[in-house]
2 protein chains.
Amino acid sequence: MNAPTSIKEFFESGYRQFLPHVSIDCAIFGFHDNQLKVLLLKMKNVEGWCLPGGFIQWAEPANEAAQRILQERTGISQVFLQQYYTFGEPERNKEPNLKDLIDSLNIEPAEDNWLFRRTISIGYYALVEFSKVTPTVDLLSDECCWWDMHELPKLLFDHDLMIGQALQTLRMQLNFHPVGYNLLPEKFTMPELQKLYETILDRPLDRRNFQKKMLSLRILERMDERKSVGPHKSPYYYRFDKNKYDQALQAGILLGF
Amino acid sequence: MNAPTSIKEFFESGYRQFLPHVSIDCAIFGFHDNQLKVLLLKMKNVEGWCLPGGFIQWAEPANEAAQRILQERTGISQVFLQQYYTFGEPERNKEPNLKDLIDSLNIEPAEDNWLFRRTISIGYYALVEFSKVTPTVDLLSDECCWWDMHELPKLLFDHDLMIGQALQTLRMQLNFHPVGYNLLPEKFTMPELQKLYETILDRPLDRRNFQKKMLSLRILERMDERKSVGPHKSPYYYRFDKNKYDQALQAGILLGF
DNA sequence: TTTCTAATGTGTGTCAAGTACACAATAGAT
DNA sequence: ATCTATTGTGTACTTGACACACATTAGAAA
């Protein structure tokens, strides 16, 4: 079974393919220009942006649906993706009313169309490598791009709450997941890794203690190459050592600050 | 709108009152006889037990539905209740087939009855004071009682997984929540509090370090009264000081081990 | 009454981790 | 050759976790 090919079909018979009343929304985080970014979609004919989302196919596990949605919007798979909260307020998808969108598209769904009824949304957050993502619009949107976490546009529904909770969860779990491994390119410098942590935690960290701590985890490998970044000493490149990381995980060693 | 009064009505028209395809299940934890307990229901005419659960009314927030379900099964409200995971496997409610139950009850729901279709369940866990609970059966069950976490009966559906994940979440969040405040009676001794932590974590803790740590949190108040428990020195009673606890929370002081 | 036992209240020392801070090395601009 | 901004590395201080010792005491047993 493939994704619906038109909005009309989606409205009229989407419920045959998808479980109604339950949706998935993904806060997809990336890191670029020393800023934490989140991938957003601009809905057609509606003023406001929203998280990439979708519905669960009848025979599809929720976690796989989330992977599929992420794959469809970014082109990548096999990334860090985690459920963090399920949003169950009755009015969460009532405002704004999608009928505005509908009217502009020349389709006339009934008042009780499955998409207008109450929908509970399972929130996932993902950590992806910025450069590997190819932002791709979906059926209902006409733009898909990264937004700086500090300068978010107007968001639809409860998606501002969703992003906030996702970030809060990410901060709490920062100590338990190899954040750098998922958000940074293969090779990176210690200042870059530190900047990532500082951005997520939104507070400065001591450069020397950070380096000491990260190296003590024994999951990084220093390369011979250095990065040239200006008229001063050049930092070494590092990369994650998957084997050592797995060992550290086994041993229960935690990551981060 | 009240709860359905008969199983027949529930099967036939429950979807008018409740959001279909989404349910709630609650792992309700109590502490008694130095053992961690969980409240379970014995389903009528089916071999096996399950967690207290239910559906969400059309206009009801999911969190309130969970509170309502907990209130209906225990008689108490305003307790610590937290969403911890949403279970979204397509086959999670297929086995055992409820038709066995149905047949024994002289009702004949159709094959595509709303209760037989795929249902995603939002998992909550609750911490309640054992002595205040009045276990109460629901429409589909004929027994409701506490089970020792170390001696669980045969569980239906994926409810063993649910309990396991709830306990795991409880352990992880032990440091951030006033577990004793919710699971113990108003006044308690330090050995009792320690036993609670040891039971949840399933490992022994050093008596002296435990006491030192708990007192350093400055959320307990020692009473003048002592508890007489045998031919040896009597332990003091303690109680939670709500004001001090709120202060500690403000200050970001964490609890537990 | 005395003695004994098992559990409780309190304290001390060690070690690891977190935190604050100092100084030498260096790549490129001037 | 000199200067500057940034990086690599090291040291002292403080805090908390953890291991362990000893005096106190309520009731049972003598």
Side-chain angles (χ1 to χ4, degrees), chain A residues 33-34 171-172 174-176 180 184 187-239 248 251-257, chain B residues 33-34 171-172 174-176 180 184 187-239 248 251-257:
Chain A
D33 284 340
N34 280 340
R171 278 180 186 151
M172 276 179 32
L174 194 56
N175 298 340
F176 307 95
L184 293 175
K187 63 182 185 180
F188 50 87
T189 66
M190 197 57 76
E192 286 167 352
L193 184 62
Q194 182 183 339
K195 201 75 192 162
L196 170 60
Y197 275 79
E198 288 181 332
T199 303
I200 293 175
L201 294 174
D202 199 28
R203 64 183 171 92
L205 299 172
D206 183 273
R207 185 176 61 85
R208 296 151 290 192
N209 294 332
F210 179 84
Q211 168 135 340
K212 209 186 308 174
K213 170 102 184 186
M214 287 310 293
L215 293 181
S216 75
L217 298 173
R218 305 186 156 283
I219 58 172
L220 297 182
E221 182 189 358
R222 193 172 86 176
M223 303 170 68
D224 293 332
E225 194 182 354
R226 286 155 170 264
K227 180 174 186 176
S228 182
V229 284
H232 49 73
K233 197 165 182 177
S234 300
Y236 285 103
Y237 274 118
Y238 288 85
R239 63 180 163 207
I253 298 168
L254 307 181
L255 314 177
F257 284 77
Chain B
D33 284 341
N34 280 340
R171 279 180 186 153
M172 274 179 35
L174 194 57
N175 298 340
F176 307 94
L184 291 176
K187 63 182 187 182
F188 51 85
T189 67
M190 197 57 76
E192 286 167 351
L193 183 62
Q194 182 183 339
K195 202 73 192 164
L196 170 60
Y197 275 79
E198 289 181 333
T199 303
I200 293 175
L201 294 173
D202 199 30
R203 65 184 170 90
L205 299 172
D206 183 90
R207 183 176 63 83
R208 297 151 289 190
N209 295 331
F210 179 84
Q211 167 135 339
K212 209 184 312 173
K213 170 104 186 187
M214 289 309 293
L215 294 181
S216 74
L217 298 173
R218 305 186 156 283
I219 57 170
L220 297 182
E221 183 190 359
R222 193 171 86 176
M223 304 168 69
D224 292 333
E225 194 182 353
R226 286 155 169 265
K227 179 173 188 177
S228 183
V229 284
H232 49 72
K233 198 167 184 177
S234 299
Y236 285 103
Y237 273 117
Y238 289 84
R239 64 179 160 208
I253 298 168
L254 306 181
L255 314 176
F257 284 77

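So that the names make sense, note that chain A is the first sequence line, chain B the second, and so on, each numbered from 1.
- Taking the side chain as every heavy atom from C-beta outward, A:Leu215 and A:Met190 approach each other to under 4.5 Å.
- Note: CG (B:Asp206) to C1' (C:dT8) measures 13 Å, nearest angstrom.
- Across the protein-nucleic acid pair, B:Leu205 atom CG and D:dC20 atom P stand 15 Å apart, rounded to whole Å.
- Separating the CE atom of B:Met214 from the P atom of C:dT10 is a distance of 16 Å, rounded to the nearest angstrom.
- Between B:Tyr238 and B:Leu193, the closest side-chain pair of non-hydrogen atoms is not below 4.5 Å.
- Each of D:dA21, D:dT7, C:dA6 was ranked by its minimum atom distance to the side chain of B:His232; first place goes to C:dA6.
- Residue A:Ser234 has its side chain nearest to C:dA27 when only C:dG18, C:dT19, C:dA27 are considered.
- Which of C:dT8, D:dG8, C:dA29 sits closest to the side chain of B:Lys233 comes down to C:dT8.
- To the nearest angstrom, C1' of C:dT8 lies 15 Å from NZ of B:Lys195.
- For C:dA22, the base has a donor-acceptor partner in the side chain of A:Arg208 [N/O atoms by modelled type, under 3.5 angstrom].
- Comparing A:Pro231 and B:Leu215, the nucleotide of DNA chain C nearest to each residue sits closer to the 5' end for B:Leu215.
- Side-chain atoms of B:Arg207 lie closest to D:dC22 of the nucleotides C:dA27, D:dA17, D:dC22.
- The rotation axes computed at either terminus of the helix from C:dT1-D:dA30 to C:dT30-D:dA1 lie 10° apart, taking five pairs at each end and rounding to 10 degrees.
- Residue B:Asn175 contributes atom CG, which lies 14 Å from atom C1' of D:dG16 at whole-angstrom precision.
- Applying the side-chain hydrogen bond (donor to acceptor under 3.5 Å, both in side chains) rule to B:Lys233 yields no partners; only residues at least two apart in sequence or on another chain are considered.
- Put simply, CD on B:Glu192 is 15 Å from P on C:dA7, counting in whole angstrom units.
- For B:Gln211, a side-chain nitrogen or oxygen approaches OP1 or OP2 of C:dG9 to under 4.0 Å.
- In this structure, CZ on A:Arg239 lies 4.5 Å from CE on A:Met223, to the nearest 0.5 angstrom.
- Contact of the B:Leu174 side chain with the B:Arg171 side chain is not registered, since no non-hydrogen atoms from C-beta on lie closer than 4.5 Å.
- Each of D:dG10, C:dG18, D:dG8 was ranked by its minimum atom distance to the side chain of A:Pro235; first place goes to D:dG8.
- Considering every non-hydrogen atom in both B:Lys227 and B:Ser234, the closest pair reads O-CB, 3.2 Å.
- Side-chain contact between B:Thr189 and B:Tyr236 is absent, with no heavy-atom pair separated by less than 4.5 Å.
- Contact check, A:Ser228 against C:dG28: a side-chain N or O comes under 4.0 Å of OP1 or OP2.
- Counting heavy atoms from C-beta outward, A:Lys195 and A:Glu198 have side chains that approach closer than 4.5 Å.
- In this entry the distance linking CD of A:Gln194 with P of D:dG8 reads 11 Å, nearest Å.
- For the pair A:Lys213 NZ and D:dG10 P, the computed distance is 19 Å after rounding to whole Å.
- Contact annotation: side chain of B:Lys212 to base of C:dT8, donor-acceptor pair absent below 3.5 Å.
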